[in-house]
Amino acid sequence: MNTSEKRYYYRQEFFQKSNQVGINKEDRWALWEEHYNFAAIPPGEEGRKLAKSLFEKAWDTYQKHLEYIQKWKPNHTELESRLEEVKALLGCGSSLDFVGTFDNNPFVAPFDQDRIALCLPIESGSSEILLVHELTHIVHAKTASLTSHWQRTIALTILEEGLATRVSKFLVPGEADERYIEHKENWLTSCIGKKEEIFKGILPYLEDDSSETVYKFTIGKGATNHEREAYYAGWEMVDTLLKQGVSFNDLARIKEKDIPILFKNLLIS
């Protein structure tokens, strides 16, 4: 049984056992940890708390969407077409078998020693913007020889998310800016109003790769009480670099060790 088949088997086993009459939420959570244990969460205790919260909020919703989830099949033609577009733009397989927590949070994750899996929240429908965004992460990781681990410098996080959001805007044009980056209504407008404070707050952390700092500027409240401040910083700073004449191809090849100084110079200029 290969890795993909094992994951499918464990997901099926988890759902069957968790859906039995008489199973309470704590038993169900224990079954999730034993048989599933896969989510877009940071490592450590805070990550486990977040995973549990997402799981508990989503559980009842799955019953309403179960038939759609079970019948869903990936559109390989669209996937391959979009992948080729991203590869061409950045100058250079994916797994599309993931059910998330109805929070529209796609992500990429290690699949095995040599490959990265593309994980899309199929239960809420598909999106070309999200597909291109996550494919960009995969191609970027290959072109710049990046790791796919949660623990990474804030500067790398800024570049990864800035590149992905701007590539998705370039390849799927015509939508409002919010569609390419916003995770909840009015978030982008609020960030724009605090742009200078966000930049000032994130500057001292560019070389920091601690889990606590990554959490702070992605899922946490950042320096100005905004979630995902690293995403906003990337959206703005990658746009600035593109306007200065730096190409997508060039951005995708910046080595990890050179990213902090690049953004430091950009922020203090």
Side-chain angles (χ1 to χ4, degrees), residues 81-92 106-108 116 118 127-146 148 152-183 187-203 205-207 214 217-218 222-224 226-269:
S81 175
R82 286 301 187 184
L83 179 59
E84 290 307 311
E85 288 179 337
V86 174
K87 288 168 69 176
L89 186 64
L90 301 187
C92 81
F107 63 100
V108 294
I116 298 173
L118 170 58
S127 163
E128 283 191 283
I129 291 173
L130 294 180
L131 176 61
V132 171
H133 182 114
E134 299 305 326
L135 286 173
T136 300
H137 284 319
I138 292 175
V139 177
H140 181 202
K142 181 179 178 66
T143 56
S145 301
L146 304 175
S148 58
R152 59 202 187 278
T153 66
I154 291 301
L156 175 56
T157 305
I158 289 171
L159 179 58
E160 286 180 319
E161 299 304 336
L163 187 62
T165 51
R166 289 297 172 177
V167 167
S168 64
K169 181 176 174 64
F170 184 83
L171 292 178
V172 191
E175 301 287 347
D177 284 349
E178 288 80 359
R179 291 274 287 122
Y180 302 99
I181 187 172
E182 198 164 66
H183 69 297
W187 173 85
L188 181 58
T189 298
S190 181
C191 286
I192 291 171
K194 293 285 187 179
K195 178 179 177 179
E196 296 305 319
E197 291 93 331
I198 290 173
F199 282 6
K200 182 178 179 181
I202 211 168
L203 178 60
Y205 295 94
L206 292 176
E207 295 182 87
V214 175
F217 287 103
T218 53
T224 66
H226 286 82
E227 297 169 353
R228 298 162 66 101
E229 288 183 356
Y231 290 70
Y232 174 69
W235 171 259
E236 294 287 359
M237 287 194 274
V238 167
D239 185 50
T240 296
L241 291 168
L242 291 169
K243 289 175 178 176
Q244 291 177 353
V246 182
S247 69
F248 284 116
N249 192 312
D250 292 335
L251 288 169
R253 280 167 171 69
I254 300 172
K255 296 303 180 185
E256 187 169 353
K257 65 181 179 61
D258 299 322
I259 300 172
I261 190 64
L262 169 69
F263 285 136
K264 182 178 180 180
N265 291 337
L266 196 63
L267 287 171
I268 64 178
S269 62

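- Counting heavy atoms from C-beta outward, L146 and E160 have side chains that approach closer than 4.5 Å.
- Note that CZ of R179 and CD1 of I181 are 13.5 Å apart. Values are rounded to the nearest 0.5 Å.
- Checked against side chain to side chain donor-acceptor pair (under 3.5 Å), T189 has no partners two or more places apart in sequence or in another chain.
- Residues satisfying the ring pair (Phe, Tyr, Trp, His ring centres under 6.0 Å) test with H133, not counting sequence neighbours, are H137.
- Under a cut-off of 6.0 angstrom, the local environment of OH in Y205 is sparse, with at most 12 non-hydrogen atoms contributed by other residues, nucleotides or ligands.
- Smallest separation of non-hydrogen atoms from A252 and T143: O-OG1, 2.9 Å.
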Task: Verdict with supporting geometry, K87 and E84, salt bridge (charged side-chain N to carboxylate O under 4.0 Å, His left out) - done: CA-CA 5 Å; K87 288 168 69 176; E84 290 307 311; 3.7 Å; yes

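- Counting all heavy atoms, side chain and backbone alike, F170 lies closest to P173 at O-CD, 3.8 Å.
- Using a 4.0 Å cut-off between a side-chain N of Lys or Arg and a carboxylate O of Asp or Glu, E161 and R228 do not qualify as a salt bridge.
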Side chains of residues 234-245: which donor-acceptor pairs under 3.5 Å do they make with residues two or more places apart or in other chains?
{"unit_1": "E236", "atom_1": "OE2", "unit_2": "Y232", "atom_2": "OH", "d": "2.8"}
{"unit_1": "D239", "atom_1": "OD2", "unit_2": "K243", "atom_2": "NZ", "d": "3.0"}
{"unit_1": "T240", "atom_1": "OG1", "unit_2": "E236", "atom_2": "O", "d": "3.1"}

Task: Step-by-step side-chain contact (heavy atoms from CB on, under 4.5 Å) determination, C191 to I198 - done: CA-CA 8 Å; C191 286; I198 290 173; 4.0 Å; yes

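- In summary, of the residues considered (L206, I259, T153), a side chain to side chain contact (heavy atoms under 4.5 Å, CB included) with I158 occurs for L206 alone.
- Distance check, rounded to the nearest 0.5 Å: CG of L159 to CD1 of I154 gives 13.0 Å.
- Side-chain atoms of R82 come within 3.5 Å of backbone N or O of L171 as a donor-acceptor pair.
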